[in-house]
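This report concerns only the one structure given below.
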Amino acid sequence: MADRITREQAYEILNKYMKGEAYIAHSRAVEVIMRGLAKRLAPDDVEYWGIVGLLHDLDEEHCDWKNNPAVHGPTSVEILKKEGIDDPVLHDAIKAHNPKCGMKAKTKLQYSVLAADPMSGFIKAVAQIYPDKKLASVKRKSVFKRFNESRFAAGANRDYMEMIEFTGLSLEDLVDIAMEEMLVIAEEIGL
């Protein structure tokens, strides 16, 4: 695929369609987790996997996903097509991060974004319960303790996070990679 979207193009598109700082921080967190996963699963595609993470929620402010979850993902694809980005691999990965749109994950890339999306929010939620609210204070043990408390960060889909196992990585790997990669941009994302 000669004409893949560049990181710079992806970032421009993200900032054109996404204004909420929390959404942008979430998109950046998923981007770095995806890059970390790619280092293990697709070392030649680290940049591309990061772009998938960066753009996975592109339509967040442009569709009524709360009342109609099926539109989240396909609306992002329409935005990308409007911007001249016709990349079926990217489109399918974005749709696969939301199985409610009818797209089921089938590839390592798709399973990775499906798992990375809720993991980023879950780790942020764990950091928020620490007195300093800093990711640097979070221990892996705490993440797993909270993971087993269904009422904690209830919106973070545990089943989706566990789908990382379809890539050959474990949930422990996902937690370690997510914490390590998010720590690099902790200040940028308010952690």
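All residue numbers in this chain count up from 1 along the given sequence.
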Quick test of your reading: applying salt bridge (Lys or Arg N to Asp or Glu O under 4.0 Å), list the pairs with at least one residue in residues 140-149, sequence neighbours left out, ordered by first then second residue.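 Checked against salt bridge (Lys or Arg N to Asp or Glu O under 4.0 Å) - neighbours excluded - the pairs reaching residues 140-149 are R140-D176, R146-E149.
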Could you name each residue pair satisfying salt bridge (Lys or Arg N to Asp or Glu O under 4.0 Å) that touches residues 54-65, not counting sequence neighbours?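 Non-adjacent pairs meeting salt bridge (Lys or Arg N to Asp or Glu O under 4.0 Å): zero.
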Salt-bridge test for R35 and D45: reply yes if a basic N is under 4.0 Å from a carboxylate O, no otherwise.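 Judged by the 4.0 Å cut-off on N to carboxylate O distance, R35 and D45 do not form a salt bridge.
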Show your working on salt bridge (charged side-chain N to carboxylate O under 4.0 Å, His left out) between E188 and R28 and close with a plain yes or no. CA-CA 9 Å; E188 178 190 337; R28 284 282 292 129; 2.6 Å; yes
Same hydrophobic cluster for [X] and [Y], using side-chain heavy-atom links shorter than 4.5 Å among ILVMFWY?
X: I24; Y: V52; answer: yes
X: W49; Y: L55; answer: yes
X: V143; Y: M163; answer: no
X: V46; Y: M182; answer: no
X: V113; Y: V71; answer: no

Are side-chain heavy atoms of L114 and F166 found at a separation under 4.5 Å?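 Side-chain contact under 4.5 Å: no.
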Taking the side chain as everything from C-beta on, heavy atoms only, tell me whether L174 gets closer than 4.5 Å to T167.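 Not in contact.
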Side-chain donor-acceptor pair present, H62, H72, cut-off under 3.5 Å: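 Side-chain D/A pair, H62 to H72: absent.
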Short side-chain donor-acceptor distance under 3.5 Å, H56 and S27: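 There is no such pair (donor and acceptor under 3.5 Å, judged by atom type) between the side chains of S27 and H56.
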Once rounded to the nearest 0.5 Å, what's the spacing between atom [atom1] of [X] and atom [atom2] of [Y]?
X: W65; Y: N98; atom1: CH2; atom2: CG; value: 10.0 Å
X: E172; Y: I164; atom1: CD; atom2: CD1; value: 12.0 Å
X: E31; Y: E47; atom1: CD; atom2: CD; value: 8.0 Å
X: Y130; Y: L135; atom1: OH; atom2: CG; value: 9.5 Å
X: R158; Y: F152; atom1: CZ; atom2: CZ; value: 8.0 Å

Checking salt bridge (charged side-chain N to carboxylate O under 4.0 Å, His left out) for the pair K39/D44: CA distance, chi angles, key distance, verdict? CA-CA 8 Å; K39 288 173 196 170; D44 295 336; over 6 Å; no
Assess whether salt bridge (charged side-chain N to carboxylate O under 4.0 Å, His left out) is satisfied between D173 and R40, documenting all intermediate values. CA-CA 10 Å; D173 292 329; R40 297 275 298 273; 3.7 Å; yes
When you look at NZ of K106, are more than 12 heavy atoms from neighbouring residues, nucleotides or ligands closer to it than 6.0 Å?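 For K106, atom NZ is crowded (more than 12 foreign heavy atoms under 6.0 Å).
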Do the side chain of E180 and the main chain of I177 share a donor and acceptor less than 3.5 angstrom apart?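 No, because the side chain of E180 does not come within donor-acceptor range (under 3.5 Å) of the backbone of I177.
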